Novice: 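My questions will all concern the structure given below.
Source: prediction; values computed, not measured. Throughout, a chain's letter reflects where its sequence line sits, starting with A, and its residues are numbered from 1.
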Amino acid sequence: MEMARVIVDVPSKDTDRPFDYLIPEDLRPWIEVGSRVGVPFGHRTLQGFVVSLHPRPEMDTAKMKPIQEVLDVMPPLSPELIEVGEWMKERYACRHISALQSMLPTALKGKAERYISLAHSDMDMDSTEEADGLFALLPESELEQQIIRFVGQKGEVSLQQLSRAFPDGAATIKALIGRGRLSEFQQIKDKLQKKTMKAIELAVSSEEASTALASFPAKAQRQKEVLQYILEMEDFLPISQKDLLQTLGVTAGTVKALADKGLITLEDVEVFRDPYRGRNFTPSTPLALTQEQQVVYRSIVNKLDEREHGVFLLHGVTGSGKTEIYLQTIQRCLEQERQAIVLVPEISLTPQMVERFKARFGDRVAVMHSRLSDGERYDEWRKIREGRASVVVGARSAVFAPFDRLGLIIMDEEHETSYKQEETPKYHARDVAIHRASLTGAAVILGSATPSLESYHAAKSQAQDHFAPQLLEMPSRALGNRLPEVQIVDMREELRDGNRSMFSRSLHAAITTRLERGEQTVLLLNRRGYSTFVMCRSCGYVAGCPECDISLTYHQKSNNLRCHYCGYAAQAPEVCPDCGSEHIRYFGTGTQRVEEELAKLFPGIRVIRMDVDTTTEKGSHEKLLKQFRDKKGDVLLGTQMVAKGLDFPDVTLVGVITADSALNLPDFRAAEKTFQLLTQVAGRAGRHQLPGEVVIQSYTPEHYSIIHASSHDYLSFVKDELKHRKALHYPPYCRLILVTLSHEQLPLLVRMAENFAAAIKSESDRRGWFGSLDRFDASALDILGPVASPIPRLKNRYRFQCMIKWRGTMDAVSLVRLVAEKLQDSARDSKLQISIDVDPQMLM
DNA sequence: AGCACGCCGACT
DNA sequence: GTCGGCGTGCTC
């Protein structure tokens, strides 16, 4: 084994494949599959990952260069994670390096740094003579001698440091390297706790810059534009290089040229993150399980004991005690000397949540959430890698936790969309979890009170082409108390009866009662879909697309309504097309407005408001919840974040201001999301001794998602929703691939998007795939579009998208990738960008 | 993505 | 001529 295949850190199409390197004898003991190495690549040194090891081939080694260095004592990736990476790049059509890098903390994204040292003095005779001759002709200047002395003293010095010591020495240093007096080498350096961005600042006064601008040679047009832009932005300096490149459509080389001229400076500025502080936790012991929990527990533990892969869908109503199941199955997993991952949606990864795991498993728990600084995240990661932790609780990316004896992966609230990463690689943690577990013989528990239709349908149909989890049900609450009474209030009637407030009479009365009794209220305001859809306040009419059965999005600029799926557009109506009322308007209410109205209606009421505005600060989330728990507030008012996982004994009322706002998003999952949210938030009421009450306000109270949520009837909801999905050909009856093309020039983009769609059609025809989705027993592929994207222009680029719907066992992703790459090649100007989102969650 | 190479237009 | 901007192609 003398050769390694390495994936190098260059996220481009041409380099998206392994490169072969020789392994020097002295590095051999340190190099494994998963090692992070520094390799020479072209004219520079890059970070890369070893994906396989091979015996040295007989020939063909001429081009091969040796690995330069090994960057870690323990390989940061295991062979298992390398395999997950191979799978990800196929599954999500992403770059191999992006898949690998996404598994690691950003601290481990090393970049080459240039170093200078004195050149080797014991050269052979010929070159010594040659060099002596040269030196005789060119006596060393004062500056040259200073530089050589400086380098000599340090042994080796980074180029950055050297140029700081000799600000005007760049040319001299270059010359000394050219003459063989100094030599340059590169080494990979981790950026550890620093997250940086390139910041641009003027190096001279704006007057001087303006003067320089005037005397610019005519050919340096690009640089002129850039400098002009920087001068315009003078008051906002420093600005990010990345933004500037995007805005002006220039390359980094142009900016660098300005920096070399000394007009601007480029600096790596640290992007700061808030630290996470640990706390003390009182230990807890396993609770006695109810009959229902026992059954579920046994099924999972049997699988664990077999040490075989298996997937469970744990459908348990709110308050059924899913967390206790998690804790006890983890316990079993740990007893087997295996490790466990607990995935939690970012939004509910609160200290309260973490506390339950720390209380049971103490120091063996590592926590990974997005508010950690890169350094802290790296520390937690090392705790796992080095075996000091055997349980990790974390958001999406914790699915890559570097355990070597993984036994169990738990995904709480498995229906949450935050498990899908919206940036490349656009992976879904559920799919990664299942695939990873299948490699290691680990069990997976997908837990939810409202499972995603994909998971539920897979469990019910036991389909062979997709994962088929075993369904486990927990229909009753662990403490034996009943699910809360839910009342639906028709807000159209309120308006008809002259109540123009955002609070119905029922909700008003219910809040009054809580205030009198000293009990607490949670108010949910669903801000999703804020101001985007048009609705009639008299009859509840919502403008929908005639083709797609999806609500239209209001566009203020053009004052029209558009369908994000098929491109249909219509003039925004002045009066309701259904009832003729003038009370038609685009919809949305902010938490601030609700807070003001609460203060008006209930003088002296203490409101704790929780939304993006009040929770950005570190620890504020926790602080607000603590205030509420300590009964320093009568009402907790907030967005989605109040719906998840909160458990306060004195909350006996939950109010939903408008249930419809998520319902009217241009998203085929709108009903599902509404049902899930209402069910979640209703579960916050009456979790303990006091009985709970829920008031849902709605303009479409007859909608099945609202009706079924009010009767806590998941099964009926699923039945209704599946009917719609089947009729309109949406998941789980097919799968989707969303392809977004972007380019600076609109006509070019449109033509290329049409070419793309046509190529998909002809290529899938050729393979015999193209066909009707109406036949549910047959493989089929259909393409919709191209249409303008919901965000038609982003950062100076126009965007068009195509939606591919497909069903069957064929590899549709690779077809899409193939066609996308062909198109990119034929579009000789490389400015076309193509993004592929496999199984998209967000369609807007 | 960078970085070198090389073509080509503007200036000493 | 030659300096430097900017497009092109390659990286084991």
Novice: Please report the C-alpha distance between Phe756(A) and Phe800(A) in whole Å, then the side-chain angles of each, then the deciding distance to 0.1 Å, and finally whether the ring-ring contact (aromatic ring centres under 6.0 Å, His included) criterion is met.
Specialist: CA-CA 11 Å; Phe756(A) 176 79; Phe800(A) 261 68; over 10 Å; no
Novice: I'd like a list of close polar pairs between nucleotides 1-5 of chain B and the protein, N/O only, cut-off under 3.5 Å.
Specialist:
{"unit_1": "dA1(B)", "atom_1": "N3", "unit_2": "Arg44(A)", "atom_2": "NH2", "d": "3.0"}
{"unit_1": "dG2(B)", "atom_1": "OP1", "unit_2": "Arg44(A)", "atom_2": "NH1", "d": "3.4"}
{"unit_1": "dG2(B)", "atom_1": "O4'", "unit_2": "Arg44(A)", "atom_2": "NH1", "d": "3.4"}

Novice: Would you say Gln221(A) reaches dG5(C)'s phosphate, i.e. side-chain N/O to OP1/OP2 under 4.0 Å?
Specialist: no
Novice: Output every pair passing ring pair (Phe, Tyr, Trp, His ring centres under 6.0 Å) with a member in residues 203-229 of chain A, not counting sequence neighbours, ordered by first then second residue.
Specialist: none
Novice: I need the NZ-C1' distance between Lys219(A) and dA10(B), as an integer number of Å.
Specialist: 5 Å
Novice: Checking all strands, does Arg17(A) fall into the base, sugar-phosphate, or nothing category for heavy-atom contacts under 4.0 angstrom?
Specialist: base
Novice: When all nucleic acid strands are considered with a 4.0 Å heavy-atom cut-off, which category describes Pro18(A): base, sugar-phosphate, or nothing?
Specialist: nothing
Novice: Would you call Asp837(A) and Lys420(A) a salt bridge, using N to O less than 4.0 angstrom?
Specialist: yes
Novice: Let me know the distance between CZ of Phe19(A) and P of dC10(C), rounded to the nearest Å.
Specialist: 12 Å
Novice: If I take atom CZ in residue Phe216(A) and atom C1' in nucleotide dG4(C), what distance separates them, rounded to the nearest angstrom?
Specialist: 12 Å
Novice: Measure the distance from CG on Asp20(A) to P on dC12(C) and round it to the nearest whole Å.
Specialist: 11 Å
Novice: Run the ring-ring contact (aromatic ring centres under 6.0 Å, His included) test against His428(A) and tell me which residues pass, sequence neighbours left out.
Specialist: none
Novice: Rounded to the Å, how far apart are Asp16(A) CG and dT11(C) P?
Specialist: 16 Å
Novice: How would you label the contact of Lys261(A) with the nucleic acid (heavy atoms, under 4.0 Å): base, sugar-phosphate, or nothing?
Specialist: sugar-phosphate
Novice: What's Arg222(A) touching, base or sugar-phosphate or nothing? Going by heavy atoms closer than 4.0 Å.
Specialist: sugar-phosphate
Novice: Can you sort out the partners of Ala759(A) under side-chain contact (heavy atoms from CB on, under 4.5 Å), two or more places apart, ordered by chain and number?
Specialist: Val819(A)
Novice: List for me each residue that meets side-chain contact (heavy atoms from CB on, under 4.5 Å) alongside Pro57(A), sequence neighbours excluded, and say none if there are none.
Specialist: Met3(A), Thr61(A)
Novice: Rounded off to whole Å, could you give me the NZ-to-P distance for the Lys224(A) and dG4(C) pair?
Specialist: 18 Å
Novice: For Leu258(A) and dG4(C), give me the distance from atom CG to atom P, rounded to whole Å.
Specialist: 14 Å
Novice: Applying ring-ring contact (aromatic ring centres under 6.0 Å, His included), name anything that partners Tyr427(A), two or more places apart in sequence or on another chain.
Specialist: Phe400(A)
